[in-house]
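Shown next, in structure tokens, is the structure this report addresses.
Residue numbers start from 1 in every chain, and the chains themselves are labelled A, B, ... in the order their sequence lines are given, proteins ahead of strands. Below, each value reflects all heavy atoms present in this structure, side chains not excepted, and no hydrogens, waters or symmetry copies.
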There are 2 protein chains.
Amino acid sequence: MPEQPSTLRARRRTETQRLIQAHAVRLFTERGYDATAVTDVAEAAGVSPMTVYRHFPTKEDLVLAGQEARLVAERIAASPAGRPLVRRIGLALVEAATESTGSGEGLTADGRFLLARLRLMITTPALRARHLDNQYALQQAIVTALDDGGDGHDAFRAQAATGACLAALHTALVRWAEDDGRTALPGLITEAFAAAFGGQAP
Amino acid sequence: MPEQPSTLRARRRTETQRLIQAHAVRLFTERGYDATAVTDVAEAAGVSPMTVYRHFPTKEDLVLAGQEARLVAERIAASPAGRPLVRRIGLALVEAATESTGSGEGLTADGRFLLARLRLMITTPALRARHLDNQYALQQAIVTALDDGGDGHDAFRAQAATGACLAALHTALVRWAEDDGRTALPGLITEAFAAAFGGQAP
DNA sequence: CCAAAACGTGGTAGTGACTACCATTCAGGT
DNA sequence: ACCTGAATGGTAGTCACTACCACGTTTTGG
């Protein structure tokens with residue numbers, strides 16, 4: 001999904017980003033987030049501190065950066081309307097999770113990296129706060145995407161339902177990370193939805 | 001509810017806290033959060049920057065400090081068990097909101113201050129992130145408080161349900177702030193729960 | 001009632017995240 | 001080949017926050 005303009009500059013750019021982020025997550029995991037300075041990350045990646053800030057506006061973005069959110073929003077917007085909102089969102093989330101992590105046992109390299117990032121997001125207070133705010137931004141994006149021209153009251157109901165769905169997702173993600181990714185994520189999401197919404201989930 | 005030990009030192013201490021926080025919220029509202037330095041708050045309150053940090057460990061706490069969370073957790077723990085979790089939490093939240101803001105029209109001075117803080121929490125990214133993390137901490141407190149000795153699976157379901165409830169609460173709070181407190185908060189919470197959970201809300 | 005302990009407050013000097021502002025180098029399109 | 005623009009690096013500065021220490025006042029215990 002990330003387009004590859006294949007121009008040399010763009011390829012190098014994404015490659016540097018990948019390099020910096022990989023070293024950052026590694027160092028944060030080894031030494032701790034607060035005990036690792038941005039300068040350390042830059043040094044490990046072989047670039048100047050300036051370059052780190054060019055690619056990642058804040059230290060937190062070194063862990064949080066990722067494009068999973070966009071995928072989710074698009075999938076929900078593309079899902080067939082008519083069904084109750086909670087079921088639409090739940091189904092889209094389960095599908096997106098299946099695609100990202102696989103429903104079976106083996107974890108891809110991307111999956112392991114996502115897991116490492118998630119662990120940091122859950123345990124480090126500053127990262128957890130920013131991650132929750134990102135989820136809130138995703139909520140806004142979802143509500144905007146599926147706004148069928150209803151009035152403010154409809155939008156309010158959509159906000160409430162979407163927020164509750166994303167909270168259930170978050171619970172599933174936390175459990176998945178605590179389990180080191182051994183339990184399949186789609187199943188956890190389904191369980192979380194069942195616990196929160198009872199009869200109106202896949 | 002906050003005990004008054006009535007010893008001179010304690011009274012002075014809470015008074016300085018109140019003073020600093022009041023000036024902070026005022027300045028943040030007038031000039032903006034990022035454009036206001038902690039030094040400015042200290043100067044306005046007539047204390048040294050050091051004293052500000054003594055009472056409020058971070059700049060964000062100047063807005064976020066408050067003991068509403070504890071009230072909510074206690075109320076939920078005290079609610080009668082047996083009913084479905086979502087209904088228990090919803091009822092407790094509506095009651096707590098009624099007590100804090102009143103169900104009628106007039107807004108108390110405390111209510112107006114709470115509204116000003118809430119507006120800052122919603123509009124300022126850094127504060128919004130920390131606020132969402134505080135809600136997440138409240139979720140943990142609630143789950144711990146009503147842990148009836150179930151297994152890990154029960155705890156997982158409680159996490160999912162509680163998180164969804166607090167997301168609905170947050171939606172109601174945002175709407176309340178956007179309305180400048182004109183719509184009664186308990187009713188908004190009830191509506192948000194109805195939108196998210198359908199038939200299982202007050 | 002008077003000491004000693006505890007607390008609230010202020011100063012100084014630091015660390016670390018982040019932000020201008022500017023110079024240099026090199027890929028991309030014409 | 002030339003010029004535009006992007007990517008990187010350096011310097012200096014702001015601001016949140018943290019020791020570490022000193023001084024005065026309130027509280028406490030004999």
Contact check, side chains of B:Leu91 and B:Ile76, non-hydrogen atoms, under 4.5 Å: no
Could you go through A:Gln135 and A:Leu169, starting from their C-alpha distance and side-chain angles, then the distance that decides it, and tell me whether this counts as side-chain contact (heavy atoms from CB on, under 4.5 Å)? CA-CA 10 Å; A:Gln135 279 214 350; A:Leu169 167 67; 4.2 Å; yes
Angle class for the B:His170/B:His131 ring planes (parallel below 30°, perpendicular above 60°, tilted otherwise)? tilted
How does each nucleotide of nucleotides 11-17 of chain C score, in 5' to 3' order, for protein heavy atoms under 4.0 Å: base (B), sugar-phosphate only (S), or none (-)? BB----S
If I compare all heavy atoms of B:Ala160 with all of A:Ala192, which pair ends up nearest, and what's the gap? CB-O, 3.6 Å
Any chance you could lay out the side-chain contact (heavy atoms from CB on, under 4.5 Å) test for A:Trp176 and A:Leu118, step after step, and finish with the verdict? CA-CA 9 Å; A:Trp176 186 64; A:Leu118 203 51; 3.7 Å; yes
Between atom CZ in B:Arg11 and atom C1' in D:dT27, what is the gap in whole Å? 13 Å
Rounding to an integer number of Å, can you tell me how far B:Gln17 CD sits from C:dT9 C1'? 14 Å
Taking CD1 from A:Ile20 and C1' from D:dA7, how many angstroms apart are they, rounded to a whole number? 11 Å
Apply side chain to side chain donor-acceptor pair (under 3.5 Å) to A:Thr36 and A:Arg31, showing your working. CA-CA 6 Å; A:Thr36 308; A:Arg31 306 186 203 167; 5.0 Å; no
Close side-chain approach of B:His153 to A:Glu191, heavy-atom, < 4.5 Å: yes
Listed nucleotide nearest any side-chain atom of A:Arg9, set C:dC26, D:dT27, C:dT9: C:dC26
Rounding to an integer number of Å, can you tell me how far B:Phe56 CZ sits from C:dT9 P? 11 Å
Below 4.0 angstrom from OP1 or OP2 of D:dT8, is there any side-chain N or O of A:Thr16? yes
Any B:Arg12 side-chain N or O less than 4.0 Å from OP1/OP2 of D:dT26: yes
Give the rounded distance in Å between these two atoms: CZ of A:Arg13 and C1' of C:dC26. 15 Å
Ignoring backbone atoms, test whether A:His55 places a side-chain nitrogen or oxygen under 4.0 Å from the OP1 or OP2 oxygen of D:dT8. yes
Interatomic distance, B:Leu62 CG vs D:dC15 C1' [rounded to whole Å]: 14 Å
Rounded distance in Å - CD (A:Glu15) to C1' (D:dA7): 15 Å
